[in-house]
Trainee: 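Sending over a structure as structure tokens; questions will come in a sec.
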Amino acid sequence: MIVAGNQLLEKNDVLAAAKIDSSESIWDTDLERIREKLARLPQVKSVEVSRMFPSNIRIDIEERKPVALLISNGLWGIDRDGILLPRFRPEVGLDFPVITGLHVKEHLPGKPVTNSRVLALADFLGELQENGPIVYSLISEITMNATYGVKAILVEKNVPVYFGTNRLIGKRKVLEMP
């Protein structure tokens, strides 16, 4: 079996979830059934399963990409869409901004959180991760409240930066100035 695209998930965990019968011919293997099982894993955004001749099954996984760690009744990864991720291997790294001061009611890996502020921060951090990696890498901690909007604590010297509540992405450019 060939597994590609996995970083959060270990190959053995993917194969265990897929439950592929290695004694079965690849022609008899139900690829859609395997795909459906793997798509249920909270870390999986999308998955493709195919036959590789003469005798292999290939699993290509697109994992959810963490944008932050959320402190809420434990430490959770969260992706840009606000989907909670179960704990991941330390070698994946924990070098993500930490969302603090906001809590979610239910902690269901693979499901989106319902806290609108957490969702807004996850989307904001996802945008920074993709289009403003310099600013993203500067953020150690981030939170949001009704008074000052988004407040980020920078890695260097623990400096707070207040983004307010609107035009957040435009304001990041100020931090990118030399």
Side-chain angles (χ1 to χ4, degrees), residues 1-100 102-133 135-137 139-142 169:
M1 304 304 148
I2 297 171
V3 178
N6 59 310
Q7 290 180 333
L8 299 177
L9 288 164
E10 297 218 26
K11 179 179 179 178
N12 290 340
D13 294 334
V14 172
L15 294 176
K19 296 181 181 171
I20 299 171
D21 182 354
S22 59
S23 67
E24 189 174 63
S25 160
I26 65 170
W27 290 108
D28 296 329
T29 301
D30 185 346
L31 302 183
E32 184 57 24
R33 180 188 57 79
I34 294 168
R35 192 200 66 70
E36 287 172 1
K37 283 182 180 186
L38 294 175
R40 289 187 207 123
L41 294 173
Q43 303 91 331
V44 173
K45 187 171 186 173
S46 67
V47 61
E48 290 183 26
V49 182
S50 58
R51 293 178 180 88
M52 284 190 65
F53 300 103
S55 60
N56 253 328
I57 300 292
R58 180 177 174 97
I59 300 169
D60 289 290
I61 295 175
E62 180 187 3
E63 291 180 323
R64 296 187 180 284
K65 187 176 179 182
V67 296
L69 298 173
L70 172 66
I71 298 176
S72 174
N73 196 23
L75 188 63
W76 301 85
I78 190 166
D79 78 352
R80 183 178 184 164
D81 299 322
I83 305 292
L84 279 184
L85 302 172
R87 296 182 192 270
F88 38 86
R89 301 186 327 266
E91 57 268 21
V92 171
L94 295 174
D95 192 17
F96 299 99
V98 178
I99 297 173
T100 61
L102 300 172
H103 299 283
V104 296
K105 291 180 183 176
E106 294 184 312
H107 299 85
L108 302 170
K111 303 293 182 194
V113 299
T114 57
N115 184 315
S116 61
R117 290 182 179 164
V118 172
L119 289 170
L121 289 176
D123 185 52
F124 175 58
L125 289 169
E127 178 66 27
L128 288 179
Q129 189 181 54
E130 189 174 317
N131 297 312
V135 173
Y136 177 81
S137 69
I139 298 173
S140 170
E141 182 180 324
I142 193 164
I169 297 303

Trainee: Roughly how far apart are L9 CG and K11 NZ, rounded to 0.5 Å?
Mentor: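 These two atoms lie 13.5 Å from each other.
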Trainee: Can a salt bridge be assigned to the pair R35 and E32 using a cut-off of 4.0 Å between side-chain N and carboxylate O?
Mentor: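 Result for this pair is yes, salt bridge flagged.
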Trainee: Please round to the nearest 0.5 Å and tell me the distance separating atom CG of D81 and atom CG of D123.
Mentor: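 Reported to 0.5 Å precision, the distance equals 8.0 Å.
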Trainee: With a 4.5 Å cut-off on side-chain heavy atoms, are V14 and V44 touching?
Mentor: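 The answer is no, as the side chains (C-beta and beyond) never meet within the 4.5 Å cut-off.
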Trainee: Using 30° and 60° as the class boundaries, would you call the ring planes of H107 and W76 parallel, tilted or perpendicular?
Mentor: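 Taking W76 first and then H107, their aromatic rings lie parallel (interplane angle under 30°).
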Trainee: What closest approach, in Å, do P42 and G110 show between heavy atoms, and which atom pair accounts for it?
Mentor: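 Nearest heavy atoms, P42 then G110: CB-N, 3.4 Å.
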Trainee: Could you go through the side chain to side chain contact (heavy atoms under 4.5 Å, CB included) check for I20 and I59 one step at a time?
Mentor: CA-CA 11 Å; I20 299 171; I59 300 169; 4.0 Å; yes
Trainee: Can you name the nearest heavy-atom pair linking L85 to Q43, along with the distance?
Mentor: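 Taking every non-hydrogen atom into account, CD2-CA, 4.2 Å.
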Trainee: Quick one, K111 and E106 - any side-chain contact, counting heavy atoms below 4.5 Å?
Mentor: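 When only atoms from C-beta onward are counted, E106 and K111 do not touch, as no gap falls below 4.5 Å.
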Trainee: With rounding to the nearest 0.5 Å, note down the distance linking CG in D30 to NZ in K37.
Mentor: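 The CG atom of D30 sits 9.0 Å away from the NZ atom of K37.
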Trainee: Identify the two heavy atoms, one from V104 and one from S72, that lie closest to each other, and give their separation to 0.1 Å.
Mentor: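 For V104 and S72, the tightest heavy-atom pair comes out as N-OG, 3.1 Å.
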Trainee: Using 0.5 Å steps for rounding, measure from the CZ atom of R33 to the CG atom of L38.
Mentor: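 So the CZ of R33 and the CG of L38 are separated by 9.5 Å.
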Trainee: Taking all non-hydrogen atoms of both residues into account, name the closest pair between G77 and L69 and its distance.
Mentor: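 Nearest heavy atoms, G77 then L69: CA-CD2, 4.1 Å.
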Trainee: Mark yes or no for whether N115, through its side chain, and H103, through its backbone, hold a donor-acceptor pair below 3.5 Å.
Mentor: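 Flag set: sc N115 to bb H103 pair under 3.5 Å.
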Trainee: Can you measure from CG (L84) to CZ (R64) and round to the nearest 0.5 angstrom?
Mentor: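 The distance works out to 10.5 Å.
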Trainee: So, are R58 and E48 salt-bridged, with charged N and O less than 4.0 Å apart?
Mentor: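 The answer is no: the pair does not qualify as a salt bridge.
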Trainee: Does the side chain of L31 come within less than 4.5 Å of R51's, by heavy atoms?
Mentor: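 Yes, at least one pair of side-chain atoms sits under 4.5 Å.
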Trainee: Would you say that V113 contacts L119 through its side chain, given a criterion of any heavy-atom pair below 4.5 Å between the two side chains?
Mentor: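 The answer is yes, as the side chains (C-beta and beyond) meet within the 4.5 Å cut-off.
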Trainee: Among residues at least two apart in sequence or on other chains, which ones pass side-chain hydrogen bond (donor to acceptor under 3.5 Å, both in side chains) with E62?
Mentor: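 With neighbours one apart ignored, the set is S46.
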Trainee: Is there a side-chain contact between I26 and F53, using heavy atoms and a 4.5 Å cut-off?
Mentor: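 In short, these two side chains touch, coming nearer than 4.5 Å.
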Trainee: Hey, what do you get for OG1 (T29) to CD1 (I57), rounding to the nearest 0.5 Å?
Mentor: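 Rounded to the nearest 0.5 Å, the OG1-CD1 separation comes out at 4.5 Å.
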Trainee: Walk me through whether Q129 and R80 qualify under side chain to side chain contact (heavy atoms under 4.5 Å, CB included).
Mentor: CA-CA 9 Å; Q129 189 181 54; R80 183 178 184 164; over 6 Å; no
Trainee: Would you say K45's side chain and K65's backbone share a donor-acceptor pair under 3.5 angstrom?
Mentor: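 No, because the side chain of K45 does not come within donor-acceptor range (under 3.5 Å) of the backbone of K65.
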Trainee: Using a 3.5 Å distance criterion without hydrogens, assess whether the side chain of D79 forms a donor-acceptor pair with backbone atoms of P66.
Mentor: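 Judged by distance alone, no pair lies under 3.5 Å.
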Trainee: Please report the closest heavy-atom contact between I142 and L125, naming both atoms and the distance.
Mentor: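 Closest approach of I142 to L125: CG2-CD1, 3.9 Å.
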Trainee: Would you mind reporting whether Y136 and F96 have side-chain heavy atoms less than 4.5 Å apart?
Mentor: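 Sidechains of Y136 and F96: in contact.
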